[in-house]
2 protein chains.
Amino acid sequence: MADITTRERIIAEADRLIYENGYEHTSFADIADAVGISRGNFYYHFKSKDEILDAVIGKRMMSTEQMLNAWAAQSSHPAERIRSFILMVVTNQAKIMRHGCPVGTLCSELAKLGHAAQPQSNQLFSLFRTWLHQQFVLLGREADADALAMHALAFSQGVAVLAHAFNDEQFVAREVERMCAWLDGIVADAAQVPAI
Amino acid sequence: MADITTRERIIAEADRLIYENGYEHTSFADIADAVGISRGNFYYHFKSKDEILDAVIGKRMMSTEQMLNAWAAQSSHPAERIRSFILMVVTNQAKIMRHGCPVGTLCSELAKLGHAAQPQSNQLFSLFRTWLHQQFVLLGREADADALAMHALAFSQGVAVLAHAFNDEQFVAREVERMCAWLDGIVADAAQVPAI
DNA sequence: GTCTATACCTGGATAGAC
DNA sequence: GTCTATCCAGGTATAGAC
């Protein structure tokens, strides 16, 4: 009811702080201060730190699905949809250079912590993986659609880690160009298949 | 003199624990227990947690330089040396799948923490970057040697992040094969240049 | 050089008043 | 629903005996 607002504000601030500073490095006090509530009030909405993490991952799952659906709606051409994914590292360049990829850095941190929510955070990767898989199938690459999807994911993660470390805009631009050329090659192959 | 042993054992255990569990998640107690000394004794060797981190990064810098020198010594062909780098994700596959890339995960974590040692950890990346740069120059690619070096680094980081998240051996093998083919293409280009 | 003991702080979590 | 007060565990760091 009325408390949805506060709960959602907590999730939004926790989402931001976890992205910017890491999960372990984000304390209840940090989140409470950001929202503007007391530490005690916090526990009315979330009983533990793990519960906030679950809520944040859930929110990210929702927004990721919305983004993927929007990409699919914007274009009926699977190659254009995949290009939207590739261009994401440019679209979010400023944030990536500051804080890395929100998915990659969270998964890496939770893995190091041996955190129970690790499989859930990996689901964020899987969301992209299966979506990319579908697009490559539509391009006529049923046989290796998953391998191509993983390659595209690896591209995004490699670029994100190094952009984060070196703060190099031109590097990102070069890698995106290279990746788009790779995609063009796959589209050209797909166009030839019916002719064989 | 005699205390070198204890100091080095501390660094070695800290190195391992920071890699396995992350810097922030590794406490003095963890390291002291692993070494088999008391917490108090710890401070005889290192005055702060930052000092251990510096020592660990220093040790990693040394061992990385030794590895790069060994690769250069093993083969006089720059393409073979670069191949040694590409194959590193297979050589260290088991550890990477468990804990990710030691360089990438440390740099990402220190960046999130806003830690003062961030530039030093990035130097680990730079060590690979400049070494790869040199090898590509030897292949006759002075013009874009750094771009190629960064591409090779991005490959290794992308593979490491996803191998860590998904624990997929075949994915690593596929990406390594793809990367070796890419390298072969560069070598073939280099062979053609004198003929033009 | 190594130990025990301890001071001090931060962070997660709870109790109970309003 | 929100607050203050408080407890407790764990982590950094120091003091001082051996």
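So that the names make sense, note that chain A is the first sequence line, chain B the second, and so on, each numbered from 1.
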Interatomic distance where [atom1] belongs to [X] and [atom2] belongs to [N] [whole Å]:
X      : N       : atom1 : atom2 : value
R7(A)  : dT2(D)  : CZ    : P     : 13 Å
H45(B) : dT14(D) : NE2   : P     : 16 Å
Y43(A) : dA5(D)  : OH    : C1'   : 14 Å
K47(B) : dG11(D) : NZ    : C1'   : 21 Å
F46(B) : dT14(D) : CZ    : P     : 15 Å
E51(B) : dA13(D) : CD    : C1'   : 13 Å

Is R9(B) reaching over with its side chain to a backbone N or O of V35(B), donor-acceptor style, under 3.5 angstrom?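 The answer is yes, because a donor-acceptor pair under 3.5 Å joins these two groups.
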Donor-acceptor pair, distance only, cut-off 3.5 Å: does the side chain of R81(B) make one with the backbone of A72(B)?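 Side chain of R81(B) to backbone of A72(B), a donor-acceptor pair under 3.5 Å: yes, one is there.
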With respect to the phosphate group of dT2(D), does any side-chain polar atom (N or O) of Y44(A) fall under 4.0 Å of OP1 or OP2?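 False: Y44(A) side-chain N/O out of range (4.0 Å or more) of dT2(D) OP1/OP2.
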Indicate whether OP1 or OP2 belonging to dT2(C) is found under 4.0 Å from a side-chain N or O atom of T6(B).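 Checking dT2(C) against T6(B), a side-chain N or O does come within under 4.0 Å of OP1 or OP2.
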Go through residues 24-31 of chain A and report each residue with a non-hydrogen atom lying under 4.0 Å from DNA chain C, sorted by number.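 Of all residues in residues 24-31 of chain A, the ones placing a heavy atom under 4.0 Å from DNA chain C are T26(A), S27(A), F28(A).
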Residue-level proximity of residues 34-42 of chain B to DNA chain C when a heavy atom falls under 4.0 Å: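 Those residues are I37(B), S38(B), G40(B), N41(B).
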Regarding [X] and [Y], does a basic nitrogen lie under 4.0 Å from an acidic carboxylate oxygen?
X       : Y       : result
E109(B) : K112(B) : no
D184(B) : R83(B)  : yes
E20(A)  : R16(A)  : yes

Tell me whether the NZ or CZ atom of R7(A) lies within the 45° cone about the ring axis of Y44(A) and under 6.0 Å from its centre.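 Because its charged atom misses either the 6.0 Å distance or the 45° angle limit, R7(A) does not stack over Y44(A).
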Of the options dA13(D), dT2(C), dA13(C), whose atoms approach the side-chain atoms of K49(A) most closely?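 Looking only at heavy atoms from C-beta outward on K49(A), the closest nucleotide is dA13(C).
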Using side chain to side chain contact (heavy atoms under 4.5 Å, CB included), reason through F85(A) and L68(A) one step at a time and then give a plain yes or no. CA-CA 9 Å; F85(A) 172 81; L68(A) 294 175; 5.7 Å; no
Can H99(A) and N21(A) be said to form a side chain to side chain donor-acceptor pair (under 3.5 Å), step by step? CA-CA 8 Å; H99(A) 313 295; N21(A) 305 325; 5.9 Å; no
Tabulate below the donor-acceptor pairs under 3.5 Å that side-chain atoms of residues 173-180 of chain A make, not counting sequence neighbours, or state none.
from    : atom 1 : to      : atom 2 : distance (Å)
E175(A) : OE1    : H151(B) : ND1    : 2.8
E175(A) : OE2    : H151(B) : ND1    : 3.2
R178(A) : NE     : H151(B) : ND1    : 3.3

